[in-house]
Structures are given as C-alpha cells and as structure tokens.
Amino acid sequence: MIQLYNTLTQRKEPLKTLEPGKVRMYVCGMTVYDFCHLGHARVLVAFDVITRYLRHSGYDVTYVRNITDVDDKILRRADENGEAFTALTERMIEAMHEDERSLGVIAPDQEPRATGHMDDMLRMIQTLIEKGFAYAADNGDVYFAVEQFNGYGKLSKKKLDDLIAGARVDVSEVKRSPADFALWKAAKSGEVSWPSPWGDGRPGWHIECSAMSTCCLGNTFDIHGGGPDLLFPHHENEIAQSEAATGQPFVNYWMHAGAVRVNKEKMSKSLGNFFTIREILEKYPAEVVRYFLVSSHYRSQVDYSEENLAEASSTLTRLYQALRGLTPAADVPETDYDARFQAAMDDDFNTAGANTVLHALASEINRLRRDGEEAEASRLAAVLVRLGGVLGLLQQDPEAYFQSGSGEGPSAEEIEQQIEARAEARRNRDFAEADRIRDTLAEQGVILDDSREGTSWRRA
RNA sequence: GGCGCGGUGGCAGAGUGGUUAUGCAGCGGACUGCAACUCCGUGUACGCCGGUUCGAUUCCGACCCGCGCCUCCA
C-alpha cells in the first residue's frame with residue numbers, strides 16, 4: 001500500500017484513489033517566459049518519479065501538467081524583446097520540452113495551455129459570480145470574494161483574519177477585502193486581451209489551474225502537485241475557486257516538492273541566483289543531475305553545489321561500473337531487492353531509501369563477477385536496470401554513458417589508438433611509455449580501466 | 001509577528017524505542033608492473049536540557065540554531 005504525505009492533512013496517508021487502480025494527477029507547470037531552472041527540474045523530476053512508480057505499481061495514471069502561456073511576466077518580457085508574446089512562449093515551450101527530454105522526464109498525458117482554455121475560465125468565473133463568490137469591480141477586474149468561501153486557508157493553515165490584517169500589498173480600493181484576488185484582469189490599452197462579459201482582459205493566474213484541472217480530470221481528482229512556493233497563495237486560491245464553483249471537494253492529496261537552494265539561499269527568480277537546466281547540463285551529464293535530484297527525498301530541500309554534483313557523478317559511476325560489460329538477463333522475476341525497493345518507495349516515494357537498494361545490487365553484482373558467477377550477475381543486472389528505470393536512471397548502455405562527454409577531448413578513435421599503443425608498450429614491458437600514455441589521456445579527461453579482458457575507458 | 005519544516009559521523013543523506021543505512025572522501029589490506037576499477041576491513045553520528053522507559057538519536061516538553069511561506073516565483 002502506497003503511503004504519501006498530504007500537505008492538506010500534514011501527514012502520510014494511504015493512497016486511496018477515487019477509482020480503483022486509476023490515479024488522476026495534476027501538477028502546476030511552468031510560466032513560459034524564460035528557460036527552466038533547477039527548481040523547475042526538481043518538480044519535473046519529482047513528479048516524473050512519482051508517475052513512474054505509480055505505473056510500476058500497476059496504476060493507470062493520467063498525468064496533466066499545464067503551461068501558463070499568458071501572464072504579466074510573459075507580456076513584459078515579450079515587450080522587452082520586441083516580439084509577440086506567442087513567439088516568446090512558443091520558443092520557451094520548445095526549450096522546456098528539450099530540457100525535459102534531456103532529464104529523462106516522461107511527457108505528461110495532457111499539457112493544457114491557458115490560452116487554450118479561455119472559455120472554461122470564463123465559464124468558471126461566471127459561475128462564481130452567480131453563486132456570490134466573485135464580483136466585478138468598477139475598473140473591469142473580477143475578484144474572488146475570499147470571505148464568502150468557508151475554509152479559506154485550510155491548505156496553508158492561514159487564518160483569514162491574519163491575512164487581512166497583515167496584507168502588505170497595496171490595498172486596492174476596488175477590492176472588498178484586502179485578501180481578495182483577481183480572477184480576471186481588465187486590459188490596459190494596447191495589451192493583449194480576450195473579450196469577456198466584464199470587458200476585455202485576461203485571466204488571473206490562479207483561475208487557469210482551477211479551470212484546466214477540473215476540465216481535464218473532473219471536479220474532484222486524486223493528486224495535485226507543484227513547487228513549494230505555490231502552496232500559498234496559488235494552491236489555496238485554486239481550492240477556493242474550484243470548490244466554490246463546483247460545490248465539490250477539489251483534490252484529495254496535495255503534494256509539494258522541496259526547495260532547491262544555492263549557497264544556503266533559496267534559488268528563485270526574484271533573488272536572481274538561479275541556474276538554468278541548460279547551464280547545468282553544460283557541466284554535468286543530464287543523468288547526473290537527475291541522480292542528484294533523486295538521491296534525496298522529494299520533500300526535503302536540496303543544496304546545489306559543485307561538490308554535490310561531483311559526488312552524484314562519482315556515485316552514479318559506481319552503479320554503471322557494476323553494469324559495465326554485462327548483458328542483463330531477460331524476464332527476471334521479482335526478487336527481494338524489488339521488495340525492498342518497493343517498501344522504500346511505498347513510503348512516500350522515498351527515493352533515497354530506494355537508492356540504497358540500487359547500491360546493494362551493485363555490490364552483489366560486483367562480488368558475483370569477482371567470483372566468476374556471470375549468470376547470476378546478469379540476473380541481478382536486469383534487476384538493477386529495472387529498478388533504476390523506475391527512478392528514470394541506468395537506462396543507457398554503460399559504455400555510452402562513460403564515453404559520452406562534453407564533446408571536448410580526444411575522439412573515441414584517438415583514444416582506442418592510444419590504448420593500443422599502450423598495450424603494445426606494456427607487452428614490451430616499457431612501463432614508462434605505457435604510463436606516459438595513460439597520464440596524457442588522464443590530462444585530457446580520459447580514465448583507463450584495465451581488466452583481464454582488456455582496457456576500457458571513460459571520460460571523467 | 002503568524003503558520004510550517006528541519007537540526008544525523010569530514011561531507012551528502014535515509015531510518016529506527018534496544019540490532020549495519022547507503023554513498024562520497026579518508027585510512028589499512030587484496031588485486032595490479034604501477035595505477036584506475038573492483039573486493040575485504042575500518043569510524044563510541046544522531047543540536048542542548050529535562051521527562052517517560054529496563055533502555056531514546058528515535059516518544060513528550062522547554063530551549064538554542066537554521067530554513068521556507070505570509071509579495072511575482074517551481
């Protein structure tokens with residue numbers, strides 16, 4: 001039985017889906033005005049692993065992740081660039097898909113875009129007005145009347161009174177309560193806009209997720225996820241809008257990933273201390289980045305640093321070393337390792353614990369190979385690849401993993417040539433020459449591994 | 001100030017009321033021409049103070065420290 005931590009109840013709960021064997025999950029995706037950063041990668045990878053494991057456990061998962069393709073930041077950036085906002089968003093969506101593929105993130109089943117769901121949003125806003133949960137202000141904005149919704153604050157554990165008293169935002173005169181938030185924003189002259197019963201404008205940020213999630217998955221669905229900073233106000237507002245509009249519970253399980261930090265500070269757009277995924281991929285193989293993310297629990301915060309990535313690289317190398325030169329056996333039935341792996345993953349997707357099983361497998365495989373038990377090693381190699389796959393790891397051919405590099409350094413042919421030259425020197429017991437060749441390659445970032453079968457190489 | 005999360009060995013990072021996390025780094029040994037890879041061995045780690053208990057890193061309370069949200073941000 002899978003247990004998962006529910007932000008709403010603040011504890012782990014057994015997963016009981018609305019429909020047996022079926023999981024409907026919605027995750028807040030990107031606002032596409034810039035390249036994705038490591039924080040996005042964290043969420044992408046976390047929910048990718050969750051989806052993979054749910055499927056591995058036999059669930060039929062419908063995974064929906066939206067794209068916010070119209071919003072203030074997008075319009076401002078497009079304006080700065082002197083381009084149509086759609087040109088900007090198309091470009092960034094393409095880049096985002098590239099980053100996802102690099103990280104081995106499986107595409108969601110549906111990827112709705114805000115601009116494609118205007119009618120749904122307008123319908124929901126209309127319903128909210130009709131039910132008395134929203135009002136059109138004099139300036140053409142439409143606001144959600146927070147005080148009308150019983151239970152506002154139940155996700156973020158905030159009290160409405162505190163929110164109203166502590167409102168730091170400019171208290172707009174058009175709002176009835178400082179805590180009210182915009183469902184629809186009237187367009188200023190020259191701005192991109194859509195027609196509505198309340199005048200031309202565009203949707204507020206929160207309404208799109210309420211509209212798209214209920215649209216794709218129904219009024220009530222199983223899991224809603226997102227980054228840590230979306231908990232409030234975004235998710236809180238989604239609940240208010242959705243439940244007010246449909247009169248039904250919105251989501252059963254709320255899941256939030258932990259923050260990514262850099263130098264003890266949260267990495268964020270506003271602090272300007274973020275690393276984009278593509279920047280990081282220039283320095284480390286994508287699978288190392290993924291391994292780094294997966295080696296700690298999805299809810300804990302992680303610190304990005306050169307040291308941590310280097311360590312992830314060493315550790316992943318150990319796993320691939322175990323698989324190197326082995327052909328995984330076919331159709332290997334479940335083992336104790338599978339059971340241990342599942343026990344860890346069943347406990348709120350404890351990838352760090354599951355990772356231990358991967359290392360236990362690697363150790364056993366290495367011992368078996370030392371003892372010449374290739375057949376059994378091949379069986380466990382298959383298990384290692386299978387379990388690694390649930391985390392989106394170890395799916396490459398080991399040689400390909402070791403030999404792929406930044407494109408710098410000598411070519412594979414040159415390396416093979418040098419290895420042959422070194423072998424010749426060694427046969428002649430000219431170890432000075434052999435070591436010189438090895439040292440030269442090392443300086444070029446190529447490490448040689450000798451074995452009875454010969455010499456293999458990898459890039460550092 | 002309000003709400004929430006966390007403090008584990010040199011570092012990263014799980015977990016548990018009494019028994020090995022795991023990895024990286026280090027040290028010793030094996031293998032090797034020497035290395036690398038790999039294997040074997042190796043570290044009285046659980047913020048502080050009380051309490052509960054036969055026994056607490058693990059439960060309870062106080063304290064100290066760090067972090068997150070409360071404003072656009074994954």
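These numbers come from a predicted model, not from an experiment. In what follows, chains are A, B, ... by sequence order, proteins preceding strands, each numbered from 1.
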Over all strands shown, is [X] touching base, sugar-phosphate only, or nothing at heavy-atom distances under 4.0 angstrom?
X	answer
A/Gln10	sugar-phosphate
A/Arg438	base
A/Ala259	base
A/Asn350	sugar-phosphate
A/Ser268	base
A/Ser451	nothing
A/Thr317	nothing
A/Val357	nothing
A/Gln321	sugar-phosphate
A/Lys158	base
A/His297	sugar-phosphate
A/Ser456	nothing
A/Phe431	base

So which nucleotide does [N] pair with, by the Watson-Crick or G-U wobble rule with both distances under 3.5 Å?
N	result
B/A36	none
B/C63	B/G47
B/G68	B/C3
B/U20	none

May I ask you to verify if any side-chain N or O of [X] is less than 4.0 angstrom from the OP1 or OP2 atom of [N]?
X	N	value
A/Arg367	B/C40	yes
A/Arg422	B/G33	no
A/Lys266	B/C69	yes
A/Arg299	B/C5	no
A/Ser300	B/A14	yes
A/His40	B/A74	yes
A/Lys269	B/A74	yes
A/Asn366	B/C39	yes

Can you tell me, in whole Å, how much space there is between the [atom1] of [N] and that of [M]?
N	M	atom1	value
B/C5	B/G18	C1'	29 Å
B/A14	B/A45	C1'	13 Å
B/G15	B/U22	P	15 Å
B/U20	B/C46	C1'	15 Å
B/U52	B/A12	C1'	34 Å

Earlier contact from the 5' end, RNA chain B, for A/Gly258 and A/Leu231: A/Leu231

Tell me which of A/Asp450 and A/Tyr291 sits closer to the 5' end of RNA chain B, going by the nucleotide each one is nearest to. A/Tyr291

Assess the pair [X] and [Y]: is the distance between their ring centroids shorter than 6.0 Å?
X	Y	answer
A/His224	A/Tyr26	yes
A/Phe250	A/Phe221	yes
A/His206	A/Phe181	yes

In whole angstrom, give the distance that lies between atom [atom1] of [X] and atom [atom2] of [N].
X	N	atom1	atom2	answer
A/Tyr33	B/C73	OH	P	9 Å
A/Glu364	B/G23	CD	C1'	18 Å
A/Asp449	B/C37	CG	C1'	5 Å
A/His359	B/C39	NE2	C1'	17 Å
A/Gln301	B/G13	CD	C1'	13 Å
A/Leu163	B/C70	CG	P	11 Å
A/Arg370	B/U32	CZ	C1'	16 Å
A/Asp48	B/A74	CG	P	19 Å

A/Glu238 and A/Ser210: side chain donor to acceptor below 3.5 Å: no

Going by atom types only, do A/Asn366 and A/Ser363 share a side-chain donor-acceptor pair under 3.5 Å?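 A/Asn366 vs A/Ser363: no donor-acceptor pair found between side chains.
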
Full working for side chain to side chain donor-acceptor pair (under 3.5 Å) between A/Glu13 and A/Thr9: CA-CA 9 Å; A/Glu13 299 173 357; A/Thr9 57; 2.4 Å; yes

For the side chain of [X] and the base of [N], is some donor closer than 3.5 Å to an acceptor across the two?
X	N	answer
A/Arg426	B/G33	yes
A/His37	B/A74	yes
A/Thr356	B/A14	no
A/Asp229	B/G68	no

What distance do A/Leu217 atom CG and A/Met25 atom CE have between them, rounded to the nearest 0.5 Å? 10.0 Å

Within a radius of less than 6.0 Å around CG of A/Asn150, do more than 12 heavy atoms belonging to other residues, nucleotides or ligands occur?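 Not more than 12 within 6.0 Å, no.
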
Would you please classify the geometry between the A/Phe144 ring and the A/Phe149 ring as parallel, tilted or perpendicular, with 30° and 60° separating the classes?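 Perpendicular.
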
